[in-house]
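This is a predicted model, so every value here is computed, not measured. Order of the sequence lines fixes the chain letters, A, B, ..., with proteins taken first and strands second; residue numbering starts at 1 for each chain.
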2 protein chains.
Amino acid sequence: MSDQQSIFTCGLHATLALIGSKWKPLILTFLGQKSRRYGELKRSVRDASDKVLIQHLKELEADGLIVRTDFGEVPPRVEYALTPFGESLVAALKPLCSWGEENRTEIEASKVASRTRRIPVNHPMA
Amino acid sequence: MSDQQSIFTCGLHATLALIGSKWKPLILTFLGQKSRRYGELKRSVRDASDKVLIQHLKELEADGLIVRTDFGEVPPRVEYALTPFGESLVAALKPLCSWGEENRTEIEASKVASRTRRIPVNHPMA
DNA sequence: CTGGATCCTATAAGATACTG
DNA sequence: CAGTATCTTATAGGATCCAG
């Protein structure tokens, strides 16, 4: 009667603590295709500022989902890649990617229709 | 050469447009277990204020993921349930729930360790 | 090229009080 | 019970400028 109570209400809740930031799911998915340099990531995730992108990358690294490799070259060259842990998460993310692909048209229609509102996306804990 | 460009960079991006709000994934998952009345939902999602909870419920309904049934009784009785569309999304959400369950301990440890920071979770578009 | 440091604000979300 | 209406605030995220 001790470890039964978690700070999370369920597994999903826990997962959201790791990927519940605006660009994290996208970053992870992109890295799932292949390791990428900072610049590539920036172009892929487009719309994320340097500050936010780096901030997310650091958190992902701190959470053991990705690894940063600094080649110590000049000019600078850094590469980000998934850890096995991160890969397992990306695998779990796949269904959502597929679901989105399959229903993209529908989703897009309703979202565009309803006056292109921004999008929030906050989440529990972290 | 026209419908090839979407407002979304990928399927995941589109999905996030629907569930990228703090409590939506949780709400959907709870409804995936069974239809629930407002009060039940409120207790399940705990920590979400009435305002936010209702707001999210309305958006989910507008997006065709859930349906609201008002029994027109006194005292009021309203029930929320998943639509088939919503069910398909919940199914795609399952892997993330499982992943979170499996790694809950790890996640919790790192999250608690790093000074229990809040959690953001915004996301692209909507 | 890869970031660090600041400044700024939009807005999601929380708190409270109230109503049919 | 199931919301609505306000008010307020936290903070995630964006923009810019700078630096090794």
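Listed for the A:S35 side chain is no donor-acceptor partner under 3.5 Å among the backbone atoms of A:L31.
Put simply, A:R37 has a side-chain N or O that comes within less than 4.0 Å of OP1 or OP2 on C:dT2. For B:H56, no side-chain nitrogen or oxygen approaches OP1 or OP2 of C:dA12 to under 4.0 Å.
Judged as a side-chain contact (heavy atoms from CB on, under 4.5 Å), and not counting sequence neighbours, the contacts of B:K51 are B:S49, B:Q55.
Across the protein-nucleic acid pair, B:E79 atom CD and D:dC1 atom C1' stand 14 Å apart, rounded to whole Å. The separation between B:Q55 atom CD and C:dA12 atom P is 7 Å, rounded to whole Å. If you take CZ of B:F71 and C1' of D:dC1, they are 14 Å apart, rounded to a whole angstrom. Look at CD on B:E61: it is 15 Å from P on D:dA2, rounded to the nearest Å. Regarding A:L57, its CG atom lies at a distance of 11 Å from the P atom of C:dT2, rounded to whole Å. For the pair B:L53 CG and C:dT16 P, the computed distance is 17 Å after rounding to whole Å. In this entry the distance linking NZ of A:K22 with C1' of D:dT11 reads 13 Å, nearest Å.
Residue pairs meeting the salt bridge (Lys or Arg N to Asp or Glu O under 4.0 Å) criterion with at least one partner in residues 26-36 of chain A, sequence neighbours excluded, are A:K34-A:E40. Within the structure, the salt bridge (Lys or Arg N to Asp or Glu O under 4.0 Å) test picks out the following pairs touching residues 74-90 of chain A (sequence neighbours left out): A:E73-A:R77. The ring-ring contact (aromatic ring centres under 6.0 Å, His included) contacts involving residues 60-93 of chain B comprise A:W99-B:F85, where partners must be two or more places apart or lie in separate chains.
Across all non-hydrogen atoms, the minimal contact from A:L12 to B:L96 is CD1-CB, 4.0 Å. Here the shortest heavy-atom pairing between B:S21 and B:E59 reads OG-OE1, 4.2 Å. A pairwise comparison of heavy atoms in A:G100 and B:A14 identifies O-CB, 4.1 Å as the closest pair.
Within a heavy-atom distance below 4.0 Å of DNA chain C, the residues of residues 38-46 of chain A found are A:Y38, A:G39.
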Report all interatomic pairs (protein N or O, nucleotide N or O of nucleotides 4-7 of chain C) with separations under 3.5 Å.
unit_1, atom_1, unit_2, atom_2, d
C:dG4, OP1, A:K58, NZ, 3.1
C:dG4, OP2, A:K58, NZ, 3.1

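The pair A:R104-A:E101 meets the salt-bridge criterion, since a charged nitrogen lies less than 4.0 angstrom from a carboxylate oxygen.
Out of D:dC1, D:dG14, D:dA2, the shortest distance to the side chain of B:V78 is found at D:dA2.
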